[in-house]
Amino acid sequence: MSVPLKIQHLRQFLMAADHGSFRLAAEGTFRSQAAVSAAMQDLEARIGAPLFEPGKRAQLTPLGIAVAPLLRELLLTHDRVLDAARRLGTGHQGAVALAVMPSLADEWLPRLLERYARGHPDVRIRAVDEPSPDVHRLVLSGEVQVGVAGQVPRTAEVAFTPVARDAYGLVCRKGHALARRRGPVTWAALAGERLIGNATFETLKNRQLGSAIDDPAMVISNRASLLASVVAGLGVTILPVLARPAADSGLVFVPLAEPTVERIVGVLTRKEETLLPSVAAMHALALQSLSQFTRRKGAVRV
């Protein structure tokens, strides 16, 4: 049966071999010279023959010369593997897969990734934007470790941490008649408007909000193209508060009421599964960043 070598003994052997001194090997490893001498005897017993010439201060035997490169390679491998394991353990190395609902992919997601990458430059990141049901599916299957989505029917395997109560509103040009009204606009007031649908319309269908919601005149899934189409006067659209356009976009966001329609947005992970430290760091940052974004956009934090 093979006898394992002690890493500390390898360090002491190589230091003694490199410097020709047991004293320097002892100082370099914070041991007494007697302890290093005993360690070298133990190492020779494990290898099966003398590594140092008797009575000659740390002078290698031919066997010592022959095995020194092998032991150096073993020590380097040990140190490299241990360093990689520690970097994984501290979250400074690893991989993270993240899925985010489209309404957050354009503005919030890049900020999250920039903050995370700044603190974890050696972690590999994969991010996709998918509708909320697909985000849940990807988390459930393990294809991604963290998801950010609207709440769908709960499953026993997925943990959902709510962050925002996100209401819907009308997005139109500043000069639009509905934008000049005081206070919220009713869903009924949208009758006769040319609606441009987007990915969030799937959550609004079959809620008796009007036929234009269930069957919009145009559908544009890309947020940038959607907003550009509204700016161009092709119609109006409906977005949640978290996806409302910036103040300098030339568009306004008008809350919709009667009824007030909301969605709960949160962060998802698999239940009863310990996260890699790199993933746990992403999960914590996503919760913090989404909470801050919710406040900035004017949605209600849960």
Side-chain angles (χ1 to χ4, degrees), residues 4-8 10-11 29-30 72-152 154-164 166 242 264-297 299 301-302:
L5 301 177
K6 297 181 179 180
I7 295 300
Q8 182 74 331
L10 299 186
R11 295 193 196 283
T29 56
F30 305 101
R72 194 181 305 277
E73 180 181 355
L74 177 60
L75 183 60
L76 289 172
T77 299
H78 168 273
D79 289 348
R80 177 180 55 79
V81 171
L82 180 59
D83 179 67
R86 284 174 174 165
R87 290 180 65 79
L88 285 169
T90 57
H92 289 93
Q93 199 166 17
V96 175
L98 174 72
V100 176
M101 59 199 306
S103 58
L104 291 172
D106 183 62
E107 186 176 353
W108 174 74
L109 179 59
R111 297 180 182 183
L112 171 72
L113 297 181
E114 190 275 332
R115 287 179 62 183
Y116 184 86
R118 190 167 62 242
H120 303 78
D122 296 325
V123 174
R124 299 187 307 279
I125 305 171
R126 181 172 68 89
V128 296
D129 61 282
E130 299 284 353
S132 288
D134 290 331
V135 173
H136 281 253
R137 176 183 58 79
L138 291 170
V139 172
L140 180 61
S141 68
E143 294 180 59
V144 304
Q145 296 90 37
V146 179
V148 180
Q151 191 171 22
V152 300
R154 296 188 178 188
T155 59
E157 297 86 358
V158 174
F160 179 86
T161 304
V163 176
D166 198 15
L242 292 180
I264 302 297
V265 176
V267 181
L268 300 88
T269 58
R270 284 179 59 87
K271 283 183 179 178
E272 299 178 358
E273 182 174 283
T274 301
L275 301 176
L276 274 172
S278 57
V279 176
M282 174 64 82
H283 178 248
L285 183 60
L287 286 169
Q288 179 191 55
S289 175
L290 185 58
S291 178
Q292 294 168 344
F293 185 75
T294 296
R295 182 175 61 250
R296 186 167 64 250
K297 286 301 235 183
R301 287 188 293 175
V302 177

Check: Side chains of Arg270 and Leu140: does their closest heavy-atom pair fall under 4.5 Å?
Finding: yes
Note to self: Do Glu107 and Lys297 have side chains that approach each other closer than 4.5 Å (heavy atoms only, starting at C-beta)?
What the structure shows: yes
Check: Side-chain contact, heavy-atom cut-off 4.5 Å: Ile7 with Leu75?
Finding: yes
Checklist line | Any residue meeting side chain to side chain donor-acceptor pair (under 3.5 Å) with Gln151, in chain and number order, not counting sequence neighbours | finding: none
Check: Above 12 or not: heavy atoms from other molecules or residues under 6.0 Å from CD of Glu114?
Finding: yes
Item checked: Nearest non-hydrogen partners of Ser278 and Val96, listed with the distance -> O-CG2, 3.6 Å
Check: Tell me, do Thr155 and Lys271 make a side-chain contact under 4.5 Å, heavy atoms counted?
Finding: no
Next item on the list: Work out which heavy atom in Val302 is nearest to a heavy atom in Ala164; give both atom names and the distance.
Entry: CG2-C, 3.5 Å
Check: Do the side chain of Gln145 and the main chain of Ala97 share a donor and acceptor less than 3.5 angstrom apart?
Finding: yes
Item checked: Criterion side-chain contact (heavy atoms from CB on, under 4.5 Å) on Val163 and Val265, from CA distance to verdict -> CA-CA 6 Å; Val163 176; Val265 176; 5.9 Å; no
Next item on the list: Could you tell me whether the side chain of Leu112 reaches within less than 4.5 Å of the side chain of Val100, counting heavy atoms only?
Entry: no
Next item on the list: Drop me the distance from Arg80's CZ to Leu82's CG, to the nearest 0.5 angstrom.
Entry: 11.5 Å
Checklist line | Heavy-atom pair of closest approach, residues Ser132 and Gly150 | finding: OG-N, 2.9 Å
Check: NE2 of His136 to CE of Met101: how many Å apart, nearest 0.5 Å?
Finding: 8.5 Å
Item checked: Heavy-atom closest contact (Leu109 atom, Ala127 atom, distance) -> CD2-CB, 4.3 Å
Next item on the list: Could you tell me whether Arg137 and Asp134 make a salt bridge, using a distance below 4.0 angstrom between a side-chain N and a carboxylate O?
Entry: yes
Mind listing the side-chain donor-acceptor pairs of residues 281-291 below 3.5 Å, one per line with the distance, residues two or more places apart or on another chain?
unit_1: Gln288; atom_1: OE1; unit_2: Arg115; atom_2: NH2; d: 2.9
unit_1: Ser289; atom_1: OG; unit_2: Trp108; atom_2: NE1; d: 2.9
unit_1: Ser291; atom_1: OG; unit_2: Arg301; atom_2: NH1; d: 3.3

Next item on the list: Please report the shortest heavy-atom distance between Leu104 and Phe293, naming the atom on each side.
Entry: CD2-CE2, 3.8 Å
Margin query: Against Val146, only a single residue in Val135, Val139, Leu98 fulfils side-chain contact (heavy atoms from CB on, under 4.5 Å); can you say which?
Written below: Leu98
Check: Would you say the side chain of Leu138 lies within less than 4.5 Å of the side chain of Val128, judging by non-hydrogen atoms?
Finding: yes
Check: Tell me, which pairs form a ring pair (Phe, Tyr, Trp, His ring centres under 6.0 Å) where one or both residues lie in residues 109-134, sequence neighbours left out?
Finding: Tyr116-His120
Next item on the list: Check Val279 against Ala95 and note the closest heavy-atom contact, atom names and distance.
Entry: CG2-O, 3.7 Å
